[in-house]
Enquirer: 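Right, I'll just put the structure down here and ask away after.
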Amino acid sequence: MRTPREELQQLEEAALRRQLRTIEAIEGTEICENGSWYTNFGSNDYLGLSQHPLVKEAFERGVQEWGVGAGASRLVTGSLGAHDQLETWLAEAKGSEAALSFANGYSTALGVVSGLVGKEDVVILDKLCHASLIDGARLSGAKIRVFGHNRIDQLETILTQVAAKRCAAQRVLVLTESVFSMDGDYARLEDIVALKERYEFVLMVDEAHGVGVLGHKGLGLVEQLGLSESVDIQMGTLGKAAGVAGGYICASRDYIDLFTNRARSLIYSSAPPPAQALAALAALRLMSSDAGAERREALWENIACFKDHAQLNKVPSSAIIPWHVGESTQALELQDKLKTSGFFCPAIRYPTVPRNTARLRITITSQHSGEAIQAFAQKLLTLRAEERDED
Ligand SMILES: *Cc1c(COP(=O)(O)O)cnc(C)c1O
C-alpha cells in the first residue's frame, strides 16, 4: 500500500505540492505572513467588502439576534428568517421567482448539479469549468460531455448527438461559468442562449466571478446582458466579491422546490450561521447601491491601470488576469521572487489549470492603490525581462 509520505514526495518532485500558509494579520490589501507584509494580489474580495463596516456590523447584529449556529439542517429547524431574507432579496434582484442559499459555492454546485441530473441524463460542460461543477457532475452519475473552452460549435455538435437518441424525460444540463475563474474571460452566453431555440436543455451559469464586478447593479454577466429570463439557474458564491461566505442559486419556484427535496448538501448538512446570511445580504445591498457602483468604478480603473503598466494590450475584461508562465516550477519561482519584493500573487498549477499552463493568477481589487498596482506591474515586467535574458 502506498504511504501518504510517498504520495507527497511525488507531488513535491512534480512541483505540485501545496501547503497552507497562515496569514497572521490583514490591513486592507496588505497581508502579514511570518512577520512580513505583502500587498495581496490574490484575493477574490474584489470590492473589499469583507472589511466593510456595514458588512461587519450586519454580521455582529446577526449574532446578537440569532446566536451563532443555526442548530439544525434547513429542513429540520435550521431554516431561519435570516436565510429567508437573503433568499427573498436574491430572487428579486436577479429577476427570478425564487432563490436557495447554501453554506458555500462548492456545496451549492455539488447539491444542485447532482440534484438536477441522474444516471439517465446528460451534463455538458465547458472544458474550463470549475472543480465544483465537475464534481457535481461526477457525483450525479449522469453522462458527462465536455466542449472546448467557449467552442459553441462543439457544444452544438454534442447537443445534436444527444437530441438524436433522447427519450422525452431525459434532462440535458448545460453548465458554464460567466467569468472563468483562472482566465478571467467571459462565456459566450448569448450564443449559448441562442441554442435554446433549437435544442431543449437546462442552462446553469456560475457567476462566482461575475457578481460584484459586472452588471449595472453588480449582479453579474447575466444581468449585464439582460439574460435572466433565458438562464434557468443562476448560481453564485457569497465568499468572493460579496466578501462573506455562502452560495446560492436563483431559479423558478419549481426548481427551488425540487432542490429543497434533492440537493443533498442542503438536506444533510446544518444550515450556515444566520449571521453569515445577514452579512451577505448587507454586502449584496451595498454592492448594488451607489456605494457599490463607486467601488466598481474604482475596480475598473485599477484593472485599466494594471493593464497599462503591465503592457498588456489584450487583457480579459474582469478582475482576474492570468500571467502565463508554463511550467509549475517557474510559476513557483516567480511567486517567490515577487514575495521578495513585497507582493503576494499565487502560482496556479495543475490540476487547477491544464498541465503546462501554470500561471500567476493576478486579481485586482477596488482597494489597491495606484502606486501599488504600478509597482507590481513594473516588477512583473522586470522579472520577465530578466527571465528572457537568461534564456
Ligand atoms: C470559488 C468558486 C466556487 C466555489 O465557491 P465557494 O463559495 O468558494 O465554495 C464555485 N465556482 C467557481 C467558478 C468558483 O470560482
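We count residues from 1, following the sequence as given. As the structure lists them, so they are numbered: ligands from 1, and atoms in each ligand from 1.
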Enquirer: For Gly105, counting its heavy atoms only, list the atoms of ligand 1 lying under 4.0 Å from any of them.
Expert: 4 (C), 5 (O), 6 (P), 7 (O), 9 (O)
Enquirer: Using the rule side chain to side chain contact (heavy atoms under 4.5 Å, CB included), only one of Leu125, Leu133, Leu189 pairs with Thr176; which is it?
Expert: Leu189
Enquirer: Side chains of Ser178 and Glu207: do they bring a donor and an acceptor to under 3.5 Å?
Expert: yes
Enquirer: Out of all atoms in ligand 1, which are within 4.0 Å of some heavy atom of Ser181? Include the element for each.
Expert: 15 (O)
Enquirer: Near Tyr106, which atoms of ligand 1 are under 4.0 Å from a heavy atom of that residue?
Expert: 4 (C), 5 (O), 6 (P), 9 (O)
Enquirer: Could Lys379 and Phe343 be counted as a cation-pi pair, given that NZ or CZ must be under 6.0 Å from the ring centre and within 45° of the axis?
Expert: no
Enquirer: Classify the ring geometry of Phe306 against Trp323: parallel below 30°, tilted from 30° to 60°, perpendicular beyond 60°.
Expert: perpendicular
Enquirer: Which of the atoms of ligand 1 are close to Thr237, meaning less than 4.0 Å from one of its heavy atoms?
Expert: 5 (O), 6 (P), 7 (O)
Enquirer: Could you list which atoms of ligand 1 come closer than 4.0 Å to a heavy atom of His209?
Expert: 14 (C), 15 (O)
Enquirer: Using a strict cut-off of 4.0 Å, indicate which atoms of ligand 1 neighbour a heavy atom of Glu177.
Expert: 13 (C)
Enquirer: By number and element, which atoms of ligand 1 are closer than 4.0 Å to a non-hydrogen atom of Ala208?
Expert: 11 (N), 12 (C), 13 (C), 14 (C), 15 (O)
Enquirer: So which of Gly136, Gly210, Ala242, Ser132 gets nearest to atom 10 (C) of ligand 1, if we judge by its closest heavy atom?
Expert: Ser132
Enquirer: Taking Asp183 as the fixed residue, which of His149, Arg361, Arg359 is the one that meets the side-chain hydrogen bond (donor to acceptor under 3.5 Å, both in side chains) rule?
Expert: Arg359
Enquirer: Would you mind checking which non-hydrogen protein atom is closest to atom 1 (C) of ligand 1, with the distance to 0.1 Å?
Expert: Lys240 NZ, 1.4 Å
Enquirer: Report the member of Val179, Asp206, Leu133 with the shortest heavy-atom distance to atom 12 (C) of ligand 1.
Expert: Asp206
Enquirer: Looking at Phe376, Phe41, Tyr46, which hits ring-ring contact (aromatic ring centres under 6.0 Å, His included) with His368?
Expert: Phe41
Enquirer: Taking only heavy atoms of Gly246, which atoms of ligand 1 are found under 4.0 Å from at least one of them?
Expert: 7 (O)
Enquirer: Donor-acceptor pair, distance only, cut-off 3.5 Å: does the side chain of Arg295 make one with the backbone of Leu47?
Expert: yes
Enquirer: Are Tyr199 and Glu156 close enough that a side-chain donor and a side-chain acceptor fall under 3.5 Å?
Expert: yes
